[in-house]
Amino acid sequence: MTEKNDKEPTIHDQTDIEVPSMEASQEEKSAFFEQWKAKHQAYLASKVKADDSEEVPSIVQEKKKLFQGIKKPGKLSSVPKNKLEGKKIKQVEIPKKVIWKSVPILVVSLLLAALSLYFISPTSKAKDIVVKGQDKLTAEQVIKYSLISEKDYVLTTLLNASAYAENVKKNNPSVETSEISYQFPNQFTIRIKEYAIIGYIQQNNQLYPVLSSGNVGTEAVAADFLPETYTTIQLSDKNQVKQLAIALGEIEPTIREKIQTVSLTPSQVTADLLTFSMTDGNTVMVPLSELTEKLVYYDKIAAEAEGPITIDMEVGIYRYSSEI
């Protein structure tokens with residue numbers, strides 16, 4: 001009995017054993033939980049940072065792939081800065097051939113712009129026209145015959161100068177030659193040469209000039225505008241008038257100016273025999289067909305004569321006193 005009693009556990013006094021209270025265990029659990037929670041939150045935070053750091057390069061890679069080949073102006077390509085150091089950036093130079101090829105285009109453009117401004121301005125139509133060489137015509141008449149208008153441009157007048165000069169001849173038969181010259185910036189000179197007036201023929205009680213070209217003027221000459229001395233042509237045949245005018249046009253003016261009247265006085269031998277009454281009192285008889293060959297001797301024969309004489313050039317050349 002004593003052994004059995006020895007093996008039985010001893011029962012201590014409850015006052016001697018310390019039993020943890022409920023409040024102590026509660027505090028230990030809450031402290032442990034707070035530590036675990038703090039570590040867990042720190043672990044989550046570190047994982048989020050790691051995920052973000054892995055996500056940024058992937059987004060950058062995608063952007064690089066998306067915008068590959070596109071270069072932003074004013075920025076260098078994505079080359080590491082250390083590789084660019086010590087290297088010089090090459091400057092692009094424009095080839096001289098390209099520059100020389102662009103020069104004609106620039107010049108033409110400037111010329112076209114200048115011409116446009118010129119044609120718009122009133123200066124493009126301002127013309128100073130001078131007429132020279134006219135004897136019987138006035139400057140206003142010559143300009144009118146040329147058909148040059150005030151509205152014509154200086155440039156178009158210059159380009160059509162020969163046509164305007166030809167208009168003067170076409171519109172007035174008394175003009176033998178006509179030419180137009182130009183002097184910068186806007187001066188034009190019309191220089192004409194008129195046919196010589198051989199005489200005047202009466203038609204419809206009016207006098208018309210007969211020109212050295214053989215043509216008869218279209219405008220009658222009033223008595224107030226006739227020269228002091230002139231030749232009256234008393235022929236009715238137009239062909240004979242034309243032949244006479246052309247022939248007298250080849251005679252020296254000193255002889256032609258002495259002719260007062262010309263009339264047709266045919267003989268049994270010569271059908272075209274003409275009689276010239278001269279201003280010095282002499283009379284000349286010469287065939288129309290031989291006028292240019294024989295009348296040239298008039299001055300020499302008249303200088304040797306004393307008093308009025310008749311010079312017969314019908315057959316040969318003879319002279320005798322007109323008083324007989």
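By convention here, the first residue in the shown sequence is residue 1.
Under the 4.5 Å side-chain heavy-atom criterion for ILVMFWY residues, a single connected hydrophobic cluster contains both Val216 and Leu235. Leu211 is not connected to Ile201 by any chain of hydrophobic side-chain contacts under 4.5 Å among Ile, Leu, Val, Met, Phe, Trp and Tyr, and they are in different clusters. Both Val296 and Met278 belong to a common hydrophobic cluster when Ile, Leu, Val, Met, Phe, Trp and Tyr are linked at side-chain heavy-atom distances under 4.5 angstrom. Under the 4.5 Å side-chain contact rule for hydrophobic residues, Ile255 and Leu274 share a cluster. Hydrophobic clustering keeps Ile246 apart from Val262 (ILVMFWY residues linked when any side-chain heavy atoms are closer than 4.5 Å, directly or through intermediates).
In this structure, Asn171 contributes its side chain and Tyr145 its backbone to a donor-acceptor pair below 3.5 Å. Formation of a donor-acceptor pair under 3.5 Å by the Ser149 side chain with backbone atoms of Lys151 is found in this model. Side-chain atoms of Asp237 come within 3.5 Å of backbone atoms of Gln240 as a donor-acceptor pair (strictly under, hydrogens ignored). Checked by atom type and distance alone, the side chain of Thr138 pairs as donor or acceptor with a backbone atom of Gln141 at under 3.5 Å. No donor-acceptor pair under 3.5 Å is formed between the side chain of Arg319 and the backbone N or O of Ile311. Remark: the backbone N or O of Pro253 is not paired with any side-chain donor or acceptor of Lys258 at under 3.5 angstrom. The closest donor-acceptor contact from the side chain of Thr156 to the backbone of Asp152 lies at 3.5 Å or more, if one exists at all. Checking side-chain atoms of Thr310 against main-chain N and O of Thr283 turns up no donor-acceptor pair under 3.5 Å. A donor-acceptor pair under 3.5 Å is formed between the side chain of Asp272 and the backbone N or O of Ser289.
The CG atom of Leu147 lies 8.0 Å from the OH atom of Tyr164; values are rounded to the nearest 0.5 Å. In this structure, CG on Leu137 lies 12.0 Å from NZ on Lys144, to the nearest 0.5 angstrom. How far CG of Asp128 is from CZ of Phe188: 10.0 Å, rounded to the nearest 0.5 Å.
Glu194 and Gln134 get closest at one heavy-atom pair: OE2-C, 3.2 Å. Nearest approach of Ile190 to Ser178, heavy atoms of both residues: CG2-OG, 4.2 Å. Taking all atoms of both residues into account, the shortest heavy-atom contact from Glu314 to Glu290 is O-OE1, 4.2 Å.
Side-chain contact between Leu264 and Pro266 is present, with at least one heavy-atom pair separated by less than 4.5 Å. Put simply, the side chain of Ile197 does not reach to within 4.5 Å of the side chain of Tyr230, judged on heavy atoms. Ile198 places none of its side-chain heavy atoms less than 4.5 Å from the side chain of Thr231. Between Val142 and Ile192, the closest side-chain pair of non-hydrogen atoms falls below 4.5 Å. The closest side-chain heavy-atom distance from Phe276 to Leu291 is below 4.5 Å. Thr189 has its side chain out of reach of Tyr182: every pair of non-hydrogen atoms, C-beta onward, lies at least 4.5 Å apart. You'll find the side chain of Lys170 stays beyond 4.5 Å of the side chain of Val168, heavy atoms only. Side-chain contact between Ile301 and Ile309 is present, with heavy atoms from C-beta onward closer than 4.5 Å.
Counting non-hydrogen atoms of other residues, nucleotides and ligands closer than 6.0 Å to OH of Tyr297 gives a total of 12 or fewer.
Lys169 and Glu176 are not joined by a salt bridge, as no carboxylate oxygen comes within less than 4.0 angstrom of a charged side-chain nitrogen.
Val315 pairs by the side chain to side chain contact (heavy atoms under 4.5 Å, CB included) definition with nothing, not counting sequence neighbours.
Between the side chains of Thr261 and Thr232, no donor-acceptor pair is found at a separation under 3.5 Å.
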For side-chain contact (heavy atoms from CB on, under 4.5 Å), just list the numbers for Val284 and Ile259, CA-CA rounded to whole Å, side-chain angles, deciding distance to a tenth of an Å, and then say yes or no.
CA-CA 10 Å; Val284 181; Ile259 301 173; over 6 Å; no
Determine, step by step, whether Lys127 and Glu150 satisfy the salt bridge (Lys or Arg N to Asp or Glu O under 4.0 Å) criterion, reporting the C-alpha distance in whole Å, the side-chain angles of both residues, the deciding distance to 0.1 Å, and the verdict.
CA-CA 8 Å; Lys127 299 178 291 295; Glu150 294 180 356; over 6 Å; no
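Pairs of residues two or more places apart, or lying in two chains, that qualify as side-chain hydrogen bond (donor to acceptor under 3.5 Å, both in side chains) and include a residue from residues 195-212 are Gln206-Tyr208.
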